[in-house]
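This report refers to the structure that appears directly beneath it.
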Amino acid sequence: METMERYDPQAIEAKWQKVWADEQSFHVPNPEPSELASGRLKSYVVEMLPYPSGDLHMGHTLNYTIGDVSTHLRRRKGIQVLRPMGYDAFGLPAENAAIKEGGHPRTVTERNIASIREQMHRMGWAIDWGREISTHDPAYYRWTQWLFLRFYERGLAYRKEAPVKWCPNDQTVLANEQVVDGRCERCGAEVEAKSLTQWFFRITDYADELLDEMDLLEDWPERVLTMQRNWIGRSAGARVVFSVEGSGEELPVFTTRPDTLFGATFFVLAPEHPLVAELVEGTEHAVEVLDYVRRTSARSEVERAEKEKDGVFTGRFAVNPVNGEPIPIWVADYVLMGYGTGAIMAVPAHDERDHAFAERYGIDVRQVVAPEGVSLPESGAYVAHSASEVLVNSGAFDGLPSPEAKERIVADLAARGLGEQTIGYRLRDWLFSRQRYWGCPIPIIHCPSCGEVGVPDDQLPIELPDITEVAPKGRSPLAAAEDWVQTTCPTCGGPALRETDTMDTFVDSSWYFIRYTDPANTELPFDRPIADYWLPVNQYIGGIEHAVLHLLYARFFVKVMNELGLCSFREPFARLFNQGMITAGGAKMSKSKGNVVNPLEFAGRYGADTVRLYTLFMGPADEDMDWQANGLEGIWRFLNRLWRIGHEQAGKPAGDPGTGALARKAHRTIAKVTDDIDRRFSFHTPIAAVMELVNDIQRSPADPAARFATETAVSLIQPYAPHVAEEIWSVLGEGRLWERPWPEADAPLLVEDEVEIVVQVNGKVRDRLRVAAAIDDEALLALALASEKVQAHVDGKELRKTVVVSGRLVSLVV
RNA sequence: GCCGAAGUGGCGGAAUUGGUAGACGCACCGGACUCAAAAUCCGGCGCCUGAAAGGGCGUGGGGGUUCGAUUCCCCCCUUCGGCACCA
């Protein structure tokens with residue numbers, strides 16, 4: 001036998017990567033204005049852009065290989081596919097690295113970008129490099145600032161003093177979404193409560209749209225939608241106005257149980273409630289109450305939640321609007337200022353927390369709803385509410401079912417101006433200002449006479465000044481750049497100061513997927529017709545960790561951009577795929593644990609194709625997977641086998657494959673691979689299917705369909721392993737594989753002409769018969785009954801029932 | 001506590017609409033080739049029982065529906081994820 005070149009992934013991969021780079025094979029130009037409505041098949045595939053940490057990790061490899069498979073498949077189906085890449089370049093890691101090294105964050109970031117770009121090329125991903133963007137580039141953040149100003153003009157970005165979460169380690173405030181179990185999402189430090197003046201986006205104005213417009217999404221994982229729903233936390237209830245006895249001052253509360261109003265036996269204010277100090281001023285309770293408020297503010301969130309419920313009496317009373325009854329007003333930290341009105345009516349008979357509190361302080365418990373027909377137990381009984389209950393002890397409302405009572409009581413209050421139906425949300429406004437250097441400057445000027453003034457558009461971008469001391473000190477390091485801070489007011493021309501906080505990086509990443517469509521635009525963030533042509537994103541791919549961060553913010557941004565007339569779509573991402581996490585030894589990979597697996601290391605040993613295939617072969621891409629390096633061997637063997645078979649078959653004439661078993665297998669494989677990737681988003685099962693096909697070819701290399709089957713296998717594996725597939729194709733097929741049409745299965749050949757039929761007796765498999773697929777049910781039943789193995793179990797017993805499923809089985813009951 | 005997802009050989013996993021459980025791969029065992037090794041190829045590989053043919057059991061546990069259940073229903077256990085003093 002002639003000697004054959006060995007499979008040498010390093011040489012092959014370098015060769016094809018050079019071709020793709022030189023020819024810009026994956027560059028997709030925007031359509032001309034006249035082509036926008038051409039009805040041409042197009043698709044927009046975006047993967048969450050990487051934070052340029054310098055090293056490509058397994059998460060990137062999985063993410064971008066999924067995107068690559070989707071992209072190649074769509075492209076070869078004749079669809080014009082946009083698939084760009086960029087860098088989420090602002091943020092703490094680069095800044096912290098720079099502080100450690102003594103360099104500038106920009107230097108560190110740009111070095112990392114160069115490195116990660118190089119590694120992406122090395123993996124052979126089919127990216128349109130002509131649209132590369134980076135969020136730290138003034139040409140990009142100019143438009144982040146421009147968008148901020150549009151939000152600001154509409155009152156959707158505002159500054160206020162509020163209780164906020166502060167990370168003592170990162171020396172900056174955090175958004176609610178960045179606090180996990182009372183800790184900083186990034187560094188794990190326990191967050192502190194502070195009251196500071198900060199910038200917010202009014203995302204709460206969009207709570208209903210963020211919930212209701214989930215209907216516009218084509219296909220998102222249910223778990224992400226559930227997390228967003230939980231996060232927004234919409235609940236229907238009522239606003240009921242109590243008043244302070246004596247002063248008449250209004251004390252509105254939010255409740256989901258207005259039917260229990262007659263059971264309110266006390267009233268509670270959050271310690272941060274603005275009326276607390278006023279209520280106790282000059283009374284004997286003042287010292288104790290103010291002391292309690294001080295102690296509470298020193299407690300962390302976690303501490304507050306875990307300790308036993310406590311509180312103090314203010315000495316004042318609130319008037320219950322349903323019966324005029326005065327009830328004592330307490331201050332307790334189990335009531336949160338951030339939800340509802342920061343005040344509650346407490347109904348200890350029907351709320352566990354209120355009950356615990358009442359027990360501790362000896363407050364009355366008054367039952368006001370009970371299961372229908374049940375006579376009232378002695379006073380003080382605690383009843384958890386159940387499905388069907390009627391009111392008791394509630395004056396004119398006694399006997400009414402709870403749901404009806406809710407409406408009637410609120411209607412009654414509304415008539416007196418003391419209540420209304422309303423909706424409560426858990427979602428808070430998005431706190432986006434940060435006291436750090438390496439972020440997008442907020443384009444605002446503070447003028448002693450004009451107040452807060454937006455920077456005029458023609459002065460954008462407000463560039464981040466170069467400063468040497470970027471370490472955080474609890475206020476923005478930018479404040480130290482005096483030449484930069486000192487400016488003139490655009491309105492009055494007088495001396496003024498620049499805003500020194502920077503934006504959260506989640507602002508940068510809330511619109512980048514639109515910038516890709518028009519990355520060089522110097523007039524606008526993007527051209528509306530072009531953006532409308534490509535968006536919404538047909539396939540968005542990324543990690544689950546952004547379920548309520550980036551994915552919620554980006555949806556909010558797009559809704560506002562839509563209302564600003566910048567685009568006509570309401571949702572950014574039609575379909576979302578969340579890939580699982582790749583762990584090492586069952587644990588999340590991290591530098592501190594020293595268990596980081598570097599894909600490039602394995603690409604150096606086996607080639608990028610093997611690494612790409614293996615990351616997808618490990619398991620379902622949307623589940624977590626543990627990295628087992630020895631599994632790579634199986635993929636390596638498979639590619640070597642494909643290589644050998646490809647070269648063997650290349651020496652044979654390409655005759656008629658016929659309609660034999662191997663030809664049929666090839667067609668079935670085409671159908672399965674296409675369906676699995678396209679419809680099921682199953683990326684690992686197609687690999688197994690192609691392996692099966694290759695195993696079959698190996699068993700019968702002289703089959704008339706062997707060459708066709710080999711071409712098919714190479715063609716089907718191309719989206720996963722584009723280099724080796726291309727190389728084999730160059731000796732086996734015509735043209736360039738990445739430009740070849742995706743194979744189509746021949747429907748008649750998908751049907752087997754002979755099938756295996758299972759015969760069950762009383763539910764147990766007793767025989768398997770090979771029969772013609774076209775056999776009719778009667779003949780099949782006769783054949784089954786004729787089987788010796790079957791007869792051994794039927795054995796003269798009475799046949800009670802027979803079931804024949806054509807092409808599958810015969811089931812006999814005796 | 002509430003919500004969601006999952007539990008299948010030694011391991012990763014497959015079984016798409018209720019119809020052959022364990023595809024494909026790893027590991028392991030045996031064989032061929034080789035002076036030998038590597039590579040490659042062929043075969044075996046759920047558990048129990050049996051010389052074999054076969055038989056029994058088997059998809060976290062228990063029940064149910066069905067001719068037939070990994071798949072549907074009920075109860076329970078475990079793991080993971082989210083939310084959590086949200087009134």
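Throughout, protein chains are lettered first and strands after them, A, B, ... in sequence-line order, and every chain is numbered starting at 1.
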When both hydrogen-bonding distances must be under 3.5 Å and the geometry is Watson-Crick or G-U wobble, what is B:G54 paired with, if anything?
B:U49
When the ring planes of A:Phe577 and A:Phe681 are compared, do they come out parallel, tilted or perpendicular, using 30° and 60° as the limits?
tilted
Regarding A:Glu692, tell me which of base, sugar-phosphate or nothing describes its non-hydrogen contacts under 4.0 Å with the strands shown.
sugar-phosphate
Can you tell me the base-pairing partner of B:C24? Count Watson-Crick or G-U wobble geometry only, both distances below 3.5 Å, and say none if there is no partner.
B:G12
Quick one: on RNA chain B, does A:Thr685 or A:Arg766 contact a more 5' nucleotide (nearest heavy atom)?
A:Thr685
May I ask you to say what A:Phe617 touches in the nucleic acid, namely base, sugar-phosphate or nothing, with a heavy-atom cut-off under 4.0 Å?
base
When rounded to the nearest 0.5 angstrom, what distance separates CG in A:Leu551 from CH2 in A:Trp220?
4.5 Å
From the options B:A14, B:G82, B:A87, select the nucleotide whose nearest atom is closest to the side chain of A:Phe254.
B:A87
Taking only the C1' atom of each, what is the distance from B:U20 to B:G46 in whole angstrom?
16 Å
Would you say A:His684 reaches B:A14's phosphate, i.e. side-chain N/O to OP1/OP2 under 4.0 Å?
yes
Which glycosidic conformation, syn or anti, is assigned to B:G25 if syn requires a torsion within 90° of zero?
anti
Is any side-chain N or O of A:Gln698 closer than 4.0 Å to OP1 or OP2 of B:C41?
yes
Check every strand shown and say whether A:Asp675 touches a base, only sugar-phosphate, or nothing at a heavy-atom separation below 4.0 Å.
base
Which whole number of Å gives the distance between the C1' atom of B:G55 and that of B:G7?
30 Å
If you compare every side-chain N and O of A:Asn630 against the phosphate oxygens of B:C11 (OP1, OP2), does one of them come in below 4.0 Å?
no
With rounding to whole Å, what would you report as the distance between B:A23 and B:A15 at their C1' atoms?
8 Å
For a quick check of understanding: with a heavy-atom distance under 4.0 Å over all strands, which category does A:Arg768 fall into, base, sugar-phosphate or nothing?
base
Output the single nucleotide from B:U20, B:G13, B:G55 whose closest atom is nearest the side chain of A:His793.
B:G55
If pairing means Watson-Crick or G-U wobble with both distances under 3.5 Å, then the partner of B:A38 is none
Nearest to the A:Ser811 side chain among B:C67, B:A84, B:G25, which nucleotide is it?
B:C67
Have A:Trp430 and A:Glu177 got a donor and an acceptor in their side chains that come within less than 3.5 Å?
no
Between A:Leu336 and A:Arg680, which residue's closest nucleotide on RNA chain B lies nearer the 5′ terminus?
A:Arg680
Across the strands shown, which category fits A:Ser235 at heavy-atom distances under 4.0 angstrom: base, sugar-phosphate, nothing?
sugar-phosphate
With sugar-phosphate meaning primed atoms plus P, OP1 and OP2, does A:Val548 contact a base, only sugar-phosphate, or nothing at under 4.0 Å between heavy atoms?
nothing
Is A:Arg360 atom CZ crowded by more than 12 heavy atoms from other residues, nucleotides or ligands, each under 6.0 Å away?
yes
So what's B:G68 paired with, Watson-Crick or G-U wobble, going by both distances under 3.5 Å?
none
Name the nucleic acid region contacted by A:Arg229, choosing base, sugar-phosphate or nothing; use a 4.0 angstrom heavy-atom cut-off, strictly under.
nothing
Considering every strand and a 4.0 Å limit on heavy-atom distances, what is the contact class for A:Lys672: base, sugar-phosphate, or nothing?
base
If we call it a pair only when both distances are under 3.5 Å in a Watson-Crick or G-U wobble match, what pairs with B:G1?
B:C83
Remember a base hit wins even if backbone is also touched, and classify A:Arg234 as base, sugar-phosphate or nothing at under 4.0 Å, heavy atoms.
nothing
Of the listed B:A27, B:A84, B:G19, the closest approach to the A:Arg637 side chain comes from B:A27
Indicate, with a heavy-atom threshold strictly under 4.0 Å, whether A:Arg679 touches base, sugar-phosphate, or nothing.
base
Determine the contact category for A:Val813: base if any of its heavy atoms lies under 4.0 Å from a base atom, sugar-phosphate if only primed atoms, P, OP1 or OP2 are that close, otherwise nothing.
sugar-phosphate
So, does A:Lys801 get its side chain near the phosphate of B:U66, meaning an N or O under 4.0 Å from OP1 or OP2?
no
Checking N1-N3 plus N6-O4 or O6-N4 for Watson-Crick, or N1-O2 and O6-N3 for wobble, each under 3.5 Å, the partner of B:U78 is B:A6
